Amino acid sequence: MNLNLTSTIKMPDHELRRQVIELCKKVGKPLLKLSTKDYIDNGLGHLVEQFKGQAGLVNIEVFNELQHTITGWPGGKPNADDSTRPERALPYPKRVVVFSPHPDDDVISMGGTIRRLMQQDHDVHVAYETSGNIAVADEEVRLYMHFINGFNQLFANGSDEVIKIRYREIMHFLKEKSAGDLDNRAILTVKGLIRRGEARNACGYNGIKKDHIHFLDLPFYESGKIEKLPMSERDVEPIIALLSEIEPHQIYVAADLADPHGTHRKCTDAVLAAVDELKKSGAEWLSDCRVWMYRGAWAEWDVADIEMCVPMSPEELREKRNAILRHQSQMESAPFLGNDERLFWQRAEDRNRETARRYDELGLACYEAMEAFVEYKF
């Protein structure tokens, strides 16, 4: 089983698009205003020669390529010509699995697309690959433990001994805990429960059914510290089982390899390894499945690589923010915000607005924000 697939991901070959977009940046013009002189002066006269000596034909070719990446129907538009659309019209509705490395990457990275898929009646599942328990501050545990203890006292007259014992143990541990100490298993479990609750809350906001929310808790993550365990077949097996059960028509997977702690890379490898194993085993449903890669809080796809771009209105961007804000433990008190002082919802909005700005600068439709995807060929 190949557990290092991110090192072999092949990006799409859009060389013409890439060169023309770079020319637009260099001369400060939108696509349809590039002249033959612009091409020749910048060493790209050969591109014009390939298109009957007409710069306008080059411009139109690249303009149309980019125009066809934009869709308000990420699951495909039924009863429509899909020859120039990024996703096929049929089958409709589609079964969709969104893999989220942590219990918030789904809404941070593609929250607008998830809502669009739900509004268009697709059968959407979200699979959270790791518990995310090390990214919860101790203050959050204290808050929840006070709530549980208070609930026990108010509604059960303090009769639940398990709550009382655990409350004392956990609060004592946190009181004695020094900087750099690892959490014990009880505290990691509570932190994992906090993140599960937030994920369910965000999914509920987006209309996803309870039985369509899956917590995989991949073993590699459960080291209790920033440095994770090596990924193994034990991390791939639950993904294979889930995909075999659902047999999706679309799979969305994180490919945000800029994640500073490496969790995203391992999660990407686990999903792609699962797809690879299913293909080897002859899973017939894979022939009618597409895998779309998204990026998250740290980076975005280069415009030249984008193969599907889902636009959002100001209201839709605000709805995406509302889903992200359901992950309260990941706001100001999150331990791993990094050197970037922006909160995750701010990073997401800035990134999505920047993608829309780049499309606008190239002379395409001007949207409030856009979420971008690249297809993984398997």
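As the structure is a prediction and not an experimental result, all values here were calculated from the model. One-based numbering along the sequence shown.
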* Asked: Does the distance from a Lys or Arg side-chain N to an Asp or Glu carboxylate O, for D269 and R265, drop under 4.0 Å?
  -> no

* Would you check if the side chain of N152 reaches a backbone N or O of D160 as a donor-acceptor pair within less than 3.5 Å? => yes

* Is any side-chain N of the basic residue among K377 and E375 closer than 4.0 Å to the acidic one's carboxylate O? -> yes

* What's the spacing between N201 CG and N206 CG if we round to 0.5 Å? -> 10.5 Å

* Geometric class of the H214/H125 ring pair [parallel <30°, tilted 30-60°, perpendicular >60°] -> parallel

* Asked: Taking 4.0 angstrom as the limit, do R88 and D288 come out as a salt bridge?
  -> yes

* Asked: Is there a chain of hydrophobic side chains (I, L, V, M, F, W, Y, each step under 4.5 Å between heavy atoms) that links Y92 to L117?
  -> no

* Consider only side-chain N and O atoms of N157 and S159, and report whether a donor and an acceptor are under 3.5 Å apart. => no

* **Side-chain donor/acceptor of E198 to backbone N/O of S329, under 3.5 Å** => yes

* State, with a plain yes or no, whether a side-chain heavy atom of V136 is found less than 4.5 Å away from one of V190. => no

* Charged N-O contact under 4.0 Å between R295 and E300 -> no

* Asked: Is it true that E354 and R358 have a side-chain N and a carboxylate O under 4.0 angstrom from each other?
  -> yes

* Look up atom CD1 in I21 and atom SG in C24, then write down how far apart they are to the nearest 0.5 Å. => 7.0 Å

* Structure fact -> Here the gap from C203 atom SG to I213 atom CD1, rounded to the nearest 0.5 Å, amounts to 4.0 Å

* To do: Heavy atoms only: give me the nearest P101-H264 pair and the separation to one decimal.
  => CB-CD2, 3.7 Å

* Asked: Does P103 offer a backbone N or O that forms a donor-acceptor pair with the side chain of H327 under 3.5 Å?
  -> yes

* To do: Supply the atom-to-atom distance F378 CZ to I9 CD1, rounded to the nearest 0.5 angstrom.
  => 13.0 Å

* Asked: Taking the side chain as C-beta and beyond, is there a heavy-atom pair between R347 and R342 under 4.5 Å?
  -> yes

* Can the positive tip of R353 be found less than 6.0 Å from the middle of the six-membered ring of Y367, inside 45° of the ring normal? -> no

* Asked: Would you find a donor on one side and an acceptor on the other, under 3.5 Å apart, between the side chain of R115 and the backbone of G111?
  -> no

* Does a sphere of radius 6.0 Å around CD in E315 hold more than 12 heavy atoms from other residues, nucleotides or ligands, not counting ones at 6.0 Å or beyond? -> yes

* Okay, side chain of D181, backbone of S178: is any donor-acceptor separation there less than 3.5 Å? -> yes

* For the student: nearest non-hydrogen atoms of A55 and S35, plus distance -> CB-C, 3.8 Å

* Asked: Are the side chain of H68 and the backbone of N64 linked by a donor-acceptor contact shorter than 3.5 Å?
  -> yes

* **Expected output: side-chain K266 to main-chain L229 donor-acceptor under 3.5 Å** => yes

* So do the side chains of R195 and Q330 get within less than 4.5 Å of each other, counting heavy atoms only? -> yes

* V236, I246: one ILVMFWY side-chain cluster at the under-4.5 Å cut-off? -> yes

* Would the number of heavy atoms belonging to other residues, nucleotides or ligands and lying under 6.0 Å from CD of E15 be above 12? -> yes

* Hey, are the side chains of K191 and R196 touching, using non-hydrogen atoms and a 4.5 Å cut-off? -> no

* Asked: Side chains of Y39 and H46: do they bring a donor and an acceptor to under 3.5 Å?
  -> no

* According to the interplanar angle, ranging from 0 to 90°, do the rings of Y221 and H102 count as parallel (below 30°), tilted (30 to 60°) or perpendicular (above 60°)? -> perpendicular

* **Atom CZ of R166: over 12 foreign heavy atoms under 6.0 Å** => no

* **Linked, directly or transitively: I194 and L182 (ILVMFWY side chains, under 4.5 Å)** => no

* Asked: Does K177 NZ have over 12 foreign heavy atoms under 6.0 Å away?
  -> yes

* Asked: Is any side-chain N of the basic residue among D38 and K33 closer than 4.0 Å to the acidic one's carboxylate O?
  -> no

* Asked: Any sub-3.5 Å donor-acceptor pair from E371's side-chain atoms to P311's backbone N or O?
  -> no

* **Ion pair E169/K164, N-O distance below 4.0 Å** => no

* Structure fact -> Nearest heavy-atom approach of L31 to N59 is O-CG, 3.2 Å

* Is the closest side-chain heavy-atom distance between E368 and N352 below 4.5 Å? -> no

* To do: Rounded to the nearest 0.5 Å, what's the gap from CG on L286 to CG on L243? Could you check?
  => 8.0 Å

* **Main-chain N/O of D123 paired with R95 side-chain donor or acceptor, under 3.5 Å** => no

* Just wondering, more than 12 heavy atoms not from K280 lying within 6.0 Å of its NZ? -> yes

* Asked: More than 12 foreign heavy atoms under 6.0 Å from CG of D211: is that the case here?
  -> yes

* Side-chain donor or acceptor of T69 paired with backbone N/O of E65 under 3.5 Å -> no

* Asked: Are more than 12 heavy atoms from other residues, nucleotides or ligands located less than 6.0 Å from atom CZ of R234?
  -> no

* Asked: Side chains of Y359 and I70: closer than 4.5 Å at any heavy-atom pair?
  -> yes

* Which heavy-atom pair separates R290 from P86 by the least distance, and what is that distance? -> NH1-O, 2.8 Å

* **Close side-chain approach of F151 and I163, heavy atoms under 4.5 Å** => no

* To do: Indicate if I40 and L44 have the same hydrophobic cluster label, given that clusters are the connected sets of ILVMFWY residues with side-chain heavy-atom separations under 4.5 angstrom.
  => no

* Examine the side chains of D104 and Y128 and answer whether a donor and an acceptor come within less than 3.5 Å of each other. => no

* To do: Kindly compute the distance separating NZ (K29) from CG (L34), expressed to the nearest 0.5 Å.
  => 6.5 Å

* Is F51 close to L16 at the side-chain level, that is, under 4.5 Å between some pair of heavy atoms? -> yes

* Structure fact -> From the list E87, E316, E319, salt bridge (Lys or Arg N to Asp or Glu O under 4.0 Å) partner of R116 resolves to E316

* To do: Can you spot which of Y376, F99, F373 makes a ring-ring contact (aromatic ring centres under 6.0 Å, His included) with Y252?
  => F373

